[in-house]
Amino acid sequence: MISDKKHVQQLAALLLNRGITDIVISPGSRNAPMINTFTAIPAFCCRNIVDERSAAYFALGLALAKLKPVVLVCSSGTAALNYTPAVAEAFYQNIPLIILTADRPDYWIDQSESQCIRQANIYQNFTKKEISLPLGESEKELWYAARQINECLNLSVTGQPAPVHINIPLEEPLHIQVQMDLPEVREIDLADAKNNLEENELTRLIESINQSQKILILAGQQNPNPALEKVLAELVLKSGVVVLQEHLSNLSDPRFCGSIDVLMAGILDENIGSYQPDLLISFGGQFVSKALKQFLRKNKPLQHWHLSPSCEHFDTYQSLTKVVKMEAVNFFDALSDGVQQKDKSYLQLWKNKEAKVNQLRDEFVKSIEFCDLKAFSLIGQKIPANTVIHLGNSSPVRYALIHNRIENAKYYSNRGTAGIDGCLSAAVGFASASDKINTIILGDLSFFYDSNALWNKYIGSNLRIIVIHNGGGNIFGMIKGPSESPAFTEHFLAENTIKAEVLAKAFGLDYFKAENEAGLAQALNDFYAPMQQQVALLEVFTNEEVNVRLFRELFKQVKK
Ligand SMILES: Cc1ncc(C[n+]2csc(CCOP(=O)(O)OP(=O)(O)O)c2C)c(N)n1
Ligand SMILES: [Mg+2]
């Protein structure tokens, strides 16, 4: 039995035809036609999560794991507004979410009806397209709706993928069901051409590359991409380009350069001009490192090319001279034959510096007392290889990036907008579709903020949650302004004494804790032991003042 609402039947048919079958529903009455239809068709995989904020972040993680769009379904009113944070994050991370919000007919909006808000275009800044379906079910209205739905579904995955919003006004009665198959609906297919460079343009680009002595390639946040990794590694070998990566770019070839924050600290006091690139080529999402942005804004390249299939003009370093409307892998592939062998001194300069700062970092971390920096080093030694790591915003992502990447690990983080409000939900969503051990490392405030992530039935035994409990928002102690304010403890740090233990118990998670180095090493052994067949939470207690002192000291040490 499916709903008698023809627009909902048609929408379900179009989703099914495209194989978009992962659905996250939040309960409600106005969305009953969607709930009744999707759950009646076995090909749809429906989950239910009550908190729409968490549901949308869960869907984001799920879409990342499955590498395909995920559908969200909610009721009207503030239910829909609660999707907004994750919609913004998905927009800036290029993740396709198909958002279906139930609504009342237009003529009841602002008429003292309950659970009613102005819902058209509520995500207008964070979606590629938003439509409101017509209410009437005439042939013309159904044709019009199908065309618009087709366009939304095509746009969500083409160029730079992004969320789309389909608002669905529905008239009562909402619960009538009929015994029938989904209708046949015409699909408007999309043939997405791989953009090729014209011969002349390609020749000019290759000439530029061959004339540049110092080429720096910035690999921003992106999904693992083995084909790109291969072509870039060959380019490094052939022409000595420097590829700078953070863990979140998921490029791990040892010929690339990492540890960017410490590396930047290491070169700042040196003959910095020798590191300045002639040609900068960037692709992917954002970099976490602020120091890198500062370095490049001060030491601008002569040319900066940004590679973007949807033509984004990212002038992050105030030196953009060309946008190449192309996937990075196709771009480097097209160039590879024409690029000449080159002297590797620029690459050597960066690689030598990287080795030096990494050595200083390791010596320093070995010598210090227990703190967040040390805890991340220990965690890094104990996390199993070939795993998935989710990094919470605030200092966890920074600490993790200071240390070496875990072998064969894939890294994810909500860096589109860097919110602390959905780190755990996104990790839970990802882990629910992953057959690997998934570890999320996040701060205490981020954990409590998003603890509703644990309020659903889709938490797999493969999930490991590490809460770094440092008594509040430690990041604000690391930056000069807030740490010097009289309002620091109450209004920046937001001092926190509540422990995660009670919540772990409430949600039925196995609980571990550690307060010192030996305790953490032991807890990690148990946490990752093959015998640990249950989802588990490890709470690591550290001291705020010690953390801040040693974090600052690290950067002094690597400058030496
Ligand atoms: C939704 C949202 N609100 C506020 C902020 C500002 N903010 C950035 S970091 C932070 C503190 C996070 O504390 P915690 O999770 O304990 O991490 P720590 O700083 O201790 O590493 C806050 C409030 C944000 N990024 N996102
Ligand atoms: Mg904290």
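Every heavy atom of this structure was used, including side-chain atoms; hydrogens, water molecules and symmetry mates were not. Whatever order the structure lists ligands and atoms in, that order sets their numbers, starting from 1.
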For atom 16 (O) of ligand 1, the closest protein heavy atom turns out to be Asp444 OD1, 2.6 Å
Would you say the side-chain atoms of Glu89 pair up with the backbone N or O of Gly419, donor to acceptor, closer than 3.5 Å? no
Those atoms of ligand 1 less than 4.0 Å from some heavy atom in Asn470: 20 (O), 21 (O)
Per-atom filter on ligand 1: closer than 4.0 angstrom to a heavy atom of Ile475 are 9 (S), 19 (O)
Quick check: His390 with Phe430 (ring centres under 6.0 Å apart)? yes
Rounded distance (nearest 0.5 Å) linking atom CZ of Phe295 with atom OG of Ser289: 11.0 Å
Would you mind running through ligand 1 and noting each atom that sits below 4.0 Å from a heavy atom of Pro396? 21 (O)
To which protein heavy atom is atom 21 (O) of ligand 1 closest, and what is the distance rounded to 0.1 Å? Ser395 OG, 2.3 Å
Nearest protein heavy-atom contact for atom 15 (O) of ligand 1: which residue, which atom, what distance? Ser446 OG, 2.5 Å
Would you mind checking if Lys480 and Glu484 are paired as a salt bridge, meaning a charged N to carboxylate O distance below 4.0 Å? no
Going by the atom numbers of ligand 1, which of them fall below 4.0 Å from some non-hydrogen atom of Phe476? 7 (N), 8 (C), 10 (C), 11 (C), 22 (C), 23 (C)
Under 2.8 Å from the Mg ion (ligand 2), is there any N, O or S atom belonging to Gly443? no
Where does the angle between the aromatic ring planes of Phe376 and His403 fall among parallel (under 30°), tilted (30 to 60°) and perpendicular (over 60°)? parallel
Counting non-hydrogen protein atoms only, what is the nearest one to atom 18 (P) of ligand 1? Give residue, atom name and distance. Ser394 OG, 3.3 Å
Return a yes/no value for Gly419: is any of its N or O atoms, backbone included, closer than 3.5 angstrom to an N or O of ligand 1? no
Looking only at N/O atoms, are Tyr449 and ligand 1 under 3.5 Å apart anywhere? no
Does an N or O from Asp421, backbone or side chain, lie closer than 3.5 Å to an N or O of ligand 1? no
Counting only heavy atoms not in Glu495 (residues, nucleotides, ligands), do more than 12 fall under 6.0 Å from its CD? no
Could you list the atoms of ligand 1 found under 4.0 angstrom from a heavy atom of Asn474? 18 (P), 19 (O), 20 (O)
Establish, yes or no, whether a centroid distance under 6.0 Å links the rings of Phe507 and Trp455. no
One thing to verify: whether Glu517 and Lys374 come together as a salt bridge, which I'm taking to mean a side-chain N less than 4.0 angstrom from a carboxylate O. yes
Counting only nitrogen or oxygen atoms and a 3.5 angstrom limit, does Ala418 reach ligand 1? yes
For Leu445, the atoms of ligand 1 under 4.0 Å from one of its heavy atoms are 13 (O), 14 (P), 15 (O), 16 (O)
For ligand 1, find out whether one of its N or O atoms is nearer than 3.5 Å to an N or O atom of Asn393. no
Quick test of your reading of the model: are Asp22 and Lys66 salt-bridged, counting only N-O distances below 4.0 Å? yes
Under 4.0 Å from ligand 1, counting heavy atoms only, is it the side chain of Ile420, its backbone, both or neither? both
Does the pair Arg53/Asp450 count as a salt bridge with the N-to-O cut at 4.0 Å? yes
Within the stated cut-off of 2.8 Å, is an N/O/S atom of Asn470 closer than that to the Mg ion (ligand 2)? yes
What is the ring orientation for Phe314 with His306, classed by angle as parallel under 30°, tilted 30 to 60°, or perpendicular over 60°? tilted
Criterion salt bridge (charged side-chain N to carboxylate O under 4.0 Å, His left out) on Arg549 and Glu553, from CA distance to verdict: CA-CA 6 Å; Arg549 176 167 52 78; Glu553 187 57 33; over 6 Å; no
Does a donor on one side chain sit under 3.5 Å from an acceptor on the other, for Asp103 and Ser76? no
Which is it for Phe447 and ligand 1 at heavy atoms under 4.0 Å: side chain, backbone, both or neither? neither
Which of the N/O/S atoms in Asp444 sits closest to the Mg ion (ligand 2)? OD1
Protein contact to atom 13 (O) of ligand 1 [nearest heavy atom, distance to 0.1 Å]: Gly473 CA, 3.3 Å
